[in-house]
Enquirer: 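Input: one structure, supplied below.
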Amino acid sequence: MSDDSIIIPSTTTNSLSKLTINDYSKTGFGYNPSIGTQSNSINNIETSNLLISKKQIILSTSTIPIYEKLHLISKKSPIEEITLSSLLYLFSEIIQWQFKNSKNINDLEARLNGLGYKLGIKLIEMIKLKDGYKLLKRDTKILEILQFIHGPFWKFIFGKQADELEMSQNNNDEYMIIDNLPILNKYISIPKDYGDLNCCAFVAGIIEGSLDVSGFNCNVTAHTSTTDQHPLRTVYLIKFHSNVLYRENIRN
Amino acid sequence: MKVYSILILNKAGGLIYQNEISSGLNKLSANDYLVLAGTLHGVHAIGSKLSQSISTTNNLKNTEELNSIQNSNILSFGKALNPNNNKSGLQSIETDFFNLYNFQTVSGLKFIIITSPNDNFENFETSNEIFRKLYILYSDYVMKDPFYSLDMPIKSILFDKNVKELFR
């Protein structure tokens, strides 16, 4: 589909230039006291045309739609950047707020996951639009969507691709996305008595939400797997539901 | 200049972090470190009272300006604040066996380092550079850690690791 054939109502501003404030229909548009009750009725083509153009005027006065904004942004700078400090102060506050409400560590992880889930549902639409707008293609295979998450999706959120994408050797329904330096965990040290808590459960929630909403039902959990080089290395374990695998098998 | 030890005190004079970077000092018991921290805090407080009159006479600002600053401080904070915490109080102790440098942040937090003795004046500049780096590490790895509660002992593993790397 070429760009020309896409009709964006808000850019059709011709109606604005045609209409002036003195324009009115002979039979009236709205109530005209000199004519009476008849003035309210739509009884010829002219008036209905006017109504349509009136509708267009209302549309064109609305703010720029989100997809046009994205286009504007992508032309100027590919990624909008924010400061790391403000992001991490906010994230730290989110954790403290959820920590206060949670009963135990598992509950805290579930809460963080839930917060990310809501974000993921919304985020994937925008990133997909920004990234794959020209292709207009929907990912239907597990590997395709995972490569999208691993590549453009990660790049949009964190400014870099995830480091590794692996398939579990033991279970065919498990995949792993690995981040060597998760930016949200950069300054967080987990106290020893908090077990294997990983605050990137929030990011796991984002992944889960975006996969769920694109039709790949799954559970995502974040695990710390420290190596000497990367002390904060985090593995996101993605476990797909059986129906997703069933569908995948039918397609193959 | 060799750094032996680092202490961080909270604004009440409690020891919240202590790290032996390199051997050279006798080990103290945990309780003695707390006493040392409290003593240094007290000396600093008394010292700043001693030097307050000196610093105001040396200041180029006229008395009216000083009074207005003092008054606005009293109105907004409920007490008189010293405009610059690092121009008064205990700054360094220099002996034949060790040097001790002290740096106080805007919130009353104190960084103290104990170094090898050296009568070179450049030591003071070097210590300032160390304090600056420590301050950066503190504000990154301690203040941005959601599991740290203010004025409590610092247990952050990452902070510990980065402090060690700083003096490697």
Side-chain angles (χ1 to χ4, degrees), chain A residues 82-102 104-109 111-113 115-116 179-203 205 222 224-234, chain B residues 3 5-12 14-21 30 33-34 103-111 113 129-168:
Chain A
I82 57 159
T83 61
L84 184 61
S85 290
S86 49
L87 173 72
L88 292 181
Y89 277 126
L90 179 66
F91 189 58
S92 164
E93 284 305 312
I94 289 172
I95 292 171
Q96 282 175 41
W97 161 53
Q98 290 300 345
F99 186 66
K100 227 187 287 167
N101 296 336
S102 57
N104 52 37
I105 300 305
N106 286 342
D107 191 27
L108 174 64
E109 274 197 337
R111 279 165 186 273
L112 287 175
N113 191 298
L115 281 177
D179 196 340
N180 284 340
L181 182 63
I183 218 154
L184 291 179
N185 269 1
K186 197 173 177 192
Y187 300 129
I188 298 175
S189 14
I190 308 291
K192 280 187 186 106
D193 46 340
Y194 286 11
D196 52 356
L197 168 72
N198 190 330
C199 294
C200 275
F202 181 71
V203 181
T224 317
S225 80
T226 312
T227 60
D228 287 343
Q229 272 187 319
H230 308 289
L232 294 174
R233 192 166 175 266
T234 296
Chain B
V3 179
S5 182
I6 298 171
L7 307 170
I8 300 178
L9 320 185
N10 65 15
K11 57 177 170 284
L15 185 69
I16 56 171
Y17 182 80
Q18 187 262 323
N19 196 344
E20 298 281 327
I21 301 298
Y33 274 117
L34 287 174
F103 168 76
Q104 192 178 31
T105 71
V106 68
S107 66
L109 192 87
K110 281 189 198 66
F111 292 93
I113 55 171
E129 186 58 25
I130 292 170
F131 284 137
R132 200 179 67 86
K133 283 175 182 163
L134 273 176
Y135 201 5
I136 291 172
L137 287 180
Y138 174 82
S139 41
D140 272 351
Y141 289 95
V142 181
M143 295 326 283
K144 286 175 196 161
D145 186 353
F147 301 104
Y148 174 72
S149 36
L150 211 62
D151 288 342
M152 295 308 277
I154 299 165
K155 285 173 189 160
S156 165
I157 305 153
L158 288 172
F159 180 69
D160 224 34
K161 205 181 133 214
N162 280 279
V163 166
K164 276 183 188 131
E165 249 165 44
L166 182 65
F167 293 102
R168 192 169 284 164

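Source: prediction; values computed, not measured. Per chain, numbering begins at 1; letters A, B, ... match sequence-line order.
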Enquirer: Which answer fits B/Lys144, side chain, backbone, both or neither, if we ask what part of it has an atom under 4.5 Å from a heavy atom of chain A?
Expert: both

Enquirer: Measure from the side-chain N and O atoms of B/Asn162 to the backbone N and O of B/Leu158, and report whether any donor-acceptor pair falls under 3.5 Å.
Expert: yes

Enquirer: For the side chain of B/Ser149 and the backbone of B/Met152, is there at least one donor-acceptor N/O pair under 3.5 Å apart?
Expert: no

Enquirer: Relative to chain B, which of A/Pro191, A/Ser92, A/Pro231 shows the most heavy atom pairs under 4.5 Å?
Expert: A/Ser92

Enquirer: When you check the side-chain N and O atoms of B/Tyr141 and B/Asp160, is any donor under 3.5 Å from an acceptor?
Expert: no

Enquirer: Contact part of A/Ile190 toward chain B, heavy-atom cut-off under 4.5 Å: side chain, backbone, both or neither?
Expert: both

Enquirer: Examine distances only and state if a side-chain atom of A/Asn185 and a backbone atom of A/Ile188 form a donor-acceptor pair shorter than 3.5 Å.
Expert: no

Enquirer: Please look at A/Leu197 and chain B and tell me whether the side chain, the backbone, both or neither of the residue comes under 4.5 angstrom of a heavy atom of that chain.
Expert: side chain

Enquirer: Counting only heavy atoms closer than 4.5 Å, note whether A/Phe91 contacts chain B via side chain, backbone, both or neither.
Expert: neither

Enquirer: Does atom CD (A/Gln229) have a neighbourhood of more than 12 heavy atoms from anything else shown, all under 6.0 Å?
Expert: no

